[in-house]
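Values reported hereafter were calculated over all heavy atoms of this structure, with side chains retained and with hydrogens, waters and symmetry mates removed.
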Amino acid sequence: MRMKKEKQVKEELEVENTKIQELEEQIAKLSEEVASWKNKYYEAYADMDNLRKKMEKDHQVMFKYRGQGFLEALLPVFDNFYYCFKFKPEDPTLLAYCKGFEMIYNQMVQALEAEGVKEIVPELNKKFDPSLMQAVDVEDGEVDDLVVKVMNKGYMLKDRLIRPAMVVVSKIPQKEEKSEEEALEVQTEKAN
């Protein structure tokens, strides 16, 4: 009987050990699954945080440059004012009108400056800056790359270039050198 009891206790212990082993395996499997889901949660959280930061940055950029389309639509008006102010009429009545238009223009410029718009007006006989200017023509001069004439002002909105200033630049005229073929022809003619 004692043997039977020992055998029965052994069998019960084996059954219990088997159950314990199965439970430990199940715990290990569930722990792996928990770790996997935890990792996926952290990835999703990081992705959402990155998306939120990107959207905030995009919103800030959009808000910062919200007036760009409006400014681009106004540029032809500013160009016309610029051309108009280049000529000074002799008639006092027309001169008074021009003064009025200049005041209106200055008020518009002040309103746009308050929104972060800056005019780019290159100085004559200063070095050409390709980051703010666009050369639309070249004239002969004594020094290369000097601004000779300003055709249109440029404009910036905060730190973004909306339109470069359109300028005419100087270039030293090059003496025409005879090509090698022409030189050979001249030498051949002299030899004959």
Side-chain angles (χ1 to χ4, degrees), residues 50-51 53-190:
N50 289 339
L51 180 63
K53 288 176 185 175
K54 183 182 181 315
M55 289 180 69
E56 283 177 2
K57 183 180 176 188
D58 289 347
H59 178 72
Q60 289 171 351
V61 168
M62 182 183 73
F63 185 75
K64 184 176 182 180
Y65 300 112
R66 69 190 179 280
Q68 182 172 345
F70 178 69
L71 177 61
E72 289 171 348
L74 278 180
L75 290 183
V77 175
F78 282 103
D79 291 340
N80 289 334
F81 272 117
Y82 182 66
Y83 296 137
C84 187
F85 295 147
K86 282 185 175 183
F87 303 102
K88 298 292 181 193
E90 293 178 16
D91 183 10
T93 307
L94 289 178
L95 193 58
Y97 278 112
C98 284
K99 282 283 187 201
F101 286 126
E102 281 184 44
M103 290 184 341
I104 293 169
Y105 173 78
N106 290 332
Q107 287 175 331
M108 288 173 50
V109 167
Q110 287 173 353
L112 290 175
E113 284 176 351
E115 290 297 317
V117 177
K118 297 176 209 136
E119 288 183 332
I120 302 169
V121 185
E123 292 183 39
L124 296 178
N125 298 318
K126 295 289 181 181
K127 188 83 173 146
F128 172 74
D129 181 1
S131 65
L132 298 174
M133 303 174 205
Q134 180 177 344
V136 293
D137 200 3
V138 178
E139 287 184 2
D140 291 341
E142 296 177 12
V143 180
D144 275 342
D145 295 331
L146 290 183
V147 175
V148 177
K149 196 184 299 180
V150 177
M151 303 303 283
N152 277 338
K153 294 179 186 179
Y155 293 91
M156 290 189 75
L157 177 58
K158 301 200 187 320
D159 57 351
R160 182 182 283 179
L161 182 67
I162 301 301
R163 183 180 78 187
M166 308 295 179
V167 298
V168 177
V169 295
S170 64
K171 184 159 179 80
I172 299 172
Q174 295 181 353
K175 297 177 184 175
E176 292 186 28
E177 296 180 16
K178 294 183 180 179
S179 66
E180 290 180 25
E181 292 176 14
E182 291 175 349
L184 285 174
E185 286 179 18
V186 170
Q187 288 177 355
T188 309
E189 288 177 13
K190 287 181 180 178

Atom pair [atom1] ([X]) and [atom2] ([Y]), whose distance is rounded to the nearest 0.5 Å:
X: Asp58; Y: Lys54; atom1: CG; atom2: NZ; result: 4.0 Å
X: Leu157; Y: Leu112; atom1: CG; atom2: CG; result: 9.5 Å
X: Phe128; Y: Leu146; atom1: CZ; atom2: CG; result: 11.5 Å
X: Asp91; Y: Tyr97; atom1: CG; atom2: OH; result: 10.5 Å
X: Lys118; Y: Lys158; atom1: NZ; atom2: NZ; result: 9.0 Å
X: Asp145; Y: Asp129; atom1: CG; atom2: CG; result: 11.0 Å

Looking only at non-hydrogen atoms, find the nearest pair between [X] and [Y] and report the distance.
X: Ala135; Y: Val169; value: CB-CG2, 4.0 Å
X: Glu119; Y: Tyr155; value: CG-CE2, 3.4 Å
X: Val167; Y: Pro122; value: CG1-CG, 3.7 Å
X: Val168; Y: Glu139; value: CG1-CG, 3.6 Å

Got [X] and [Y] here, is their nearest side-chain heavy-atom distance under 4.5 Å?
X: Asp140; Y: Pro173; result: yes
X: Ile120; Y: Met156; result: yes
X: Phe78; Y: Asn152; result: no
X: Val138; Y: Val148; result: no

Taking Arg66 first and then Glu115, would you say they form a salt bridge - that is, a charged N and a carboxylate O separated by under 4.0 Å?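 Yes.
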| Should the pair Asp137-Lys149 be classified as a salt bridge under the 4.0 Å nitrogen-to-oxygen rule? |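 Judged by the 4.0 Å cut-off on N to carboxylate O distance, Asp137 and Lys149 do not form a salt bridge.
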More than 12 heavy atoms of other groups within 6.0 Å of [X] [atom1]:
X: Lys126; atom1: NZ; answer: no
X: Met151; atom1: CE; answer: no
X: Glu56; atom1: CD; answer: yes
X: Tyr83; atom1: OH; answer: yes

Pairing residues for Asp79 by the side chain to side chain donor-acceptor pair (under 3.5 Å) criterion, not counting sequence neighbours
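By the side chain to side chain donor-acceptor pair (under 3.5 Å) rule, Asp79 matches Arg163.
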Would Glu90 and Leu95 count as a side-chain contact (heavy atoms from CB on, under 4.5 Å) here? Give the steps. CA-CA 7 Å; Glu90 293 178 16; Leu95 193 58; over 6 Å; no
- Give a yes or no answer on whether the side chain of Ser170 reaches the backbone of Val143 with a donor-acceptor pair at less than 3.5 Å.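 Yes; at least one donor-acceptor contact below 3.5 Å.
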| query | Would a distance-only check, ignoring hydrogens and angles, find a side-chain to backbone donor-acceptor pair under 3.5 Å from Lys171 to Gly141? | reply |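 Not a single qualifying donor-acceptor pair exists.
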field: ring pair (Phe, Tyr, Trp, His ring centres under 6.0 Å) partners of Phe85, counting only residues at least two apart
entry: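 Listed in chain order: Phe81, Tyr105.
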Gln68 and Glu72: side chain donor to acceptor below 3.5 Å: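 There is such a pair between these side chains.
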